[in-house]
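Here the structure is laid out as structure tokens; the discussion comes afterwards.
Throughout, protein chains are lettered first and strands after them, A, B, ... in sequence-line order, and every chain is numbered starting at 1.
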Amino acid sequence: MKIGILALQGDFAEHSATLEKLGIETRQVRLPAQLESLDGLIIPGGESTTIGKLAEDFHLIEPIQEFSKTHAIWGTCAGAIFLSKDVRRKQPLLGLMDITVERNAFGRQVESFEIEIEVSVLHEFDPQNEQPFHAVFIRAPLIESVDGTARSLASLPDGRIVAAQQGNLLATSFHPELTPDDRFHRYFLSLVSN
Amino acid sequence: MEKQVATFAVKKGLAQMLKGGVIMDVVTHEHARIAEDAGAVAVMALERVPADIREHGGVARMSDPELILQIMDAVTIPVMAKARIGHFVEAQVLEAIGVDYIDESEVLTPADEAYHINKHDFKVPFVCGCRNLGEALRRIGEGAAMIRTKGEAGTGDVVEAVRHARSVLGEIRRLQNMPEEELMGYSKDIGAPYELVLETRALGRLPVVNFAAGGLATPSDAAMMMQLGVDGVFVGSGIFKSGDPAKRAEAIVKATTHYDDPYILAEVSRNLGDPMVGRQVSAIPDAELIADRGW
């Protein structure tokens with residue numbers, strides 16, 4: 001199995017490191033031809049405006065949309081924004097997931113935070129591990145609403161949605177690549193295998 | 001676990017999200033929009049770019065909060081601002097208005113000739129400049145969550161940024177080959193906290209994100225710093241002191257992403273108009289050098 005990490009900008013090296021610890025081969029993707037023969041794609045955290053602009057300039061939008069028809073894709077933070085249909089402002093998006101996202105929903109950097117959340121799909125996936133998931137939110141977006149066949153996977157104690165899935169597409173507004181817990185990465189790999 | 005804010009993980013984490021990107025100096029909200037549209041990952045809000053600070057002389061201080069707030073309103077990307085070395089009250093003011101990162105910067109006139117700000121005291125994260133590994137680890141010891149080379153700001157001459165990046169990265173390579181019994185003596189020699197020396201040796205890199213800054217002016221400058229091994233770049237005067245800032249900004253962003261693809265670098269470097277004029281660092285009198293500020 002080989003997983004691509006969109007490496008236009010952001011914390012792609014952190015995703016690679018987690019996957020390599022799991023024995024998975026990775027490839028940095030900066031140009032459309034680099035999507036060839038990959039089994040799945042991760043869009044990392046970063047600045048969504050930068051990633052979107054570079055994706056547009058280097059003609060990656062359509063090839064990634066095409067890739068999504070047959071492969072799993074996971075976006076963390078900026079990646080989740082990029083996967084969404086609507087962010088209530090004009091910026092390049094893949095528009096693949098029926099989710100509406102609010103950028104910087106918690107405010108500026110001083111409001112960035114860490115918290116433990118319950119993610120039931122991870123418990124079903126890994127019943128041995130009963131720990132909550134330690135989630136890191138950095139100038140994070142919120143998933144305002146899930147529509148169509150998209151469903152919420154996790155929310156904060158106040159009910160606001162921070163992870164969603166639609167078929168083989170996964171979006172998290174936090175950063176599992178910044179913590180040692182690899183359950184989200186393994187869950188994504190299970191979507192890749194299906 | 002209750003929600004925790006301002007942990008070192010989230011301070012350092014924002015810098016991790018900026019990796020592979022370009023942080024641009026801007027002096028107006030119009031500049032900030034140009035920078036954001038060109039693909040900047042963050043902007044540094046200030047009253048004068050370093051080239052003008054050099055030109056005008058006088059005491060360089062924190063910018064007017066009104067200007068910084070206008071820039072914060074104009075863009076959705078993170079906004080950084082500079083405080084003078086050791087000026088913890090300027091830092092308190094910047095934290096109060098809600099900037100996303102503070103640069104405790106040698107580009108401004110130092111406010112304290114012995115001590116830097118205790119950056120652990122703040123909720124907002126700090127980036128600091130360095131010329132070598134010891135200086136980088138002292139700043140991290142004081143709480144910096146991101147490091148950059150000092151370079152020589154406002155010159156358009158990349159030579160000092162190269163010197164500082166090679167120094168830090170070369171010292172880390174040597175540290176990795178050092179036997180354990182030499183590490184305490186080495187920490188003492190470079191004036192760095194022992195624990196951070198151990199951590200750096202184990203990681204094979206600085207424990208926080210490390211950008212290049214100070215004198216970068218072209219797409220090739222940015223790509224060269226990336227190939228040397230930094231995580232991203234700051235471009236100060238190099239963009240808005242050039243002939244066509246929007247075009248140059250966009251080209252430097254693309255060059256930072258595709259830093260190891262000479263064909264793309266050639267393509268983005270075409271027809272950029274005049275670069276900033278610049279000043280050769282070796283021709284600048286010692287007293288005018290900025291990088292020596294900080295201890």
Exercise. What distance do A/K53 atom NZ and B/E250 atom CD have between them, rounded to the nearest 0.5 Å?
Worked result: 3.5 Å
Exercise. Should B/H258 and A/L31 be marked as a side chain to side chain contact (heavy atoms under 4.5 Å, CB included) after you check the CA-CA gap, both sets of side-chain angles, and the distance that decides it?
Worked result: CA-CA 9 Å; B/H258 292 283; A/L31 294 169; 3.7 Å; yes
Exercise. Who wins among B/E95, B/K123, B/Q4 for the most heavy-atom pairs under 4.5 Å with chain A?
Worked result: B/Q4
For this session: Under 4.5 Å, counting heavy-atom pairs only, tell me which of B/P78, B/P125, B/A9 racks up the most with chain A.
Result: B/P78
Exercise. Is it the side chain or the backbone of A/A78 that comes within 4.5 Å of chain B heavy atoms, both, or neither?
Worked result: neither
For this session: Starting at CG of A/D57, measure out to CD1 of B/I264 and round the result to the nearest 0.5 Å.
Result: 11.0 Å
Problem set entry | Side chain / backbone / both / neither for A/E177 at chain B, heavy atoms under 4.5 Å | side chain
For this session: Against chain B, label A/I115 side chain, backbone, both or neither, depending on which of its atoms sit under 4.5 Å from a heavy atom there.
Result: both
Seminar exercise, completed: Checked B/L14, B/V5, B/T256 vs chain A; the most non-hydrogen pairs under 4.5 Å come from B/L14
For this session: Could you tell me whether A/D11 and B/K19 have a side-chain N and a carboxylate O separated by less than 4.0 Å?
Result: no
Exercise. What do you reckon, is CE of B/M224 surrounded by more than 12 foreign heavy atoms closer than 6.0 Å?
Worked result: no
Exercise. CZ of B/F88: more than 12 outside heavy atoms within 6.0 angstrom?
Worked result: no
For this session: Mark yes when over 12 heavy atoms from residues, nucleotides or ligands other than B/Q227 sit less than 6.0 Å from its CD; otherwise mark no.
Result: yes
Seminar exercise, completed: Value for CD1 (A/I138) from CG (B/D100), rounded to nearest 0.5 Å, stands at 12.0 Å
Exercise. Of the listed residues (A/R89, A/E114, A/Q91, A/E111), which shares the most heavy-atom pairs with chain B below a 4.5 Å separation?
Worked result: A/E114
Exercise. Under 4.5 Å between any side-chain heavy atoms of B/K3 and A/F137, yes or no?
Worked result: no
Seminar exercise, completed: The interface call for B/A42 against chain A, heavy-atom contacts under 4.5 Å, is neither
Seminar exercise, completed: Interatomic distance, OG1@B/T76 vs CZ@A/R103, rounded to 0.5 Å, equals 3.5 Å
For this session: Measure distances from B/V79 to the heavy atoms of chain A and classify the residue's part below 4.5 Å as side chain, backbone, both or neither.
Result: both
Problem set entry | Separation of A/L54 CG from B/K254 NZ (nearest 0.5 Å) | 8.0 Å
For this session: Please test A/V110 against B/F122 for side chain to side chain contact (heavy atoms under 4.5 Å, CB included), starting from the C-alpha separation and ending with a verdict.
Result: CA-CA 9 Å; A/V110 289; B/F122 290 79; over 6 Å; no
Problem set entry | Selection from A/L8, A/T49, A/V136 maximising heavy-atom pairs under 4.5 Å formed with chain B | A/L8
For this session: Please check if atom CG in B/N271 has more than 12 non-hydrogen atoms from other residues, nucleotides or ligands closer than 6.0 Å.
Result: no
For this session: For atom CD of A/E62, decide whether the heavy atoms of other residues, nucleotides or ligands shown that lie under 6.0 angstrom number more than 12.
Result: no
Problem set entry | B/D37 portion near chain A, given a 4.5 angstrom heavy-atom threshold | backbone
Problem set entry | Neighbour count above 12 (heavy atom, 6.0 Å) for A/E36 CD | no
For this session: Output yes when a side-chain donor or acceptor of A/Q9 lies under 3.5 Å from a complementary backbone atom of B/M17, and no otherwise.
Result: yes
Exercise. At a heavy-atom separation under 4.5 Å, does B/E2 approach chain A through its side chain, its backbone, both, or neither?
Worked result: backbone
For this session: Would you mind telling me which of A/H134, A/E14, A/R108 has the largest number of heavy-atom pairs within less than 4.5 Å of chain B?
Result: A/R108
For this session: Might you work through the side-chain hydrogen bond (donor to acceptor under 3.5 Å, both in side chains) test for A/R30 and B/T257, ending with a clear yes or no?
Result: CA-CA 8 Å; A/R30 294 185 175 84; B/T257 292; over 6 Å; no
Problem set entry | Side-chain heavy atoms of A/Q109 within contact of B/V124, under 4.5 Å | no
Exercise. Between the side chain of A/S112 and the main-chain N/O of B/V10, is any donor-acceptor distance below 3.5 Å?
Worked result: no
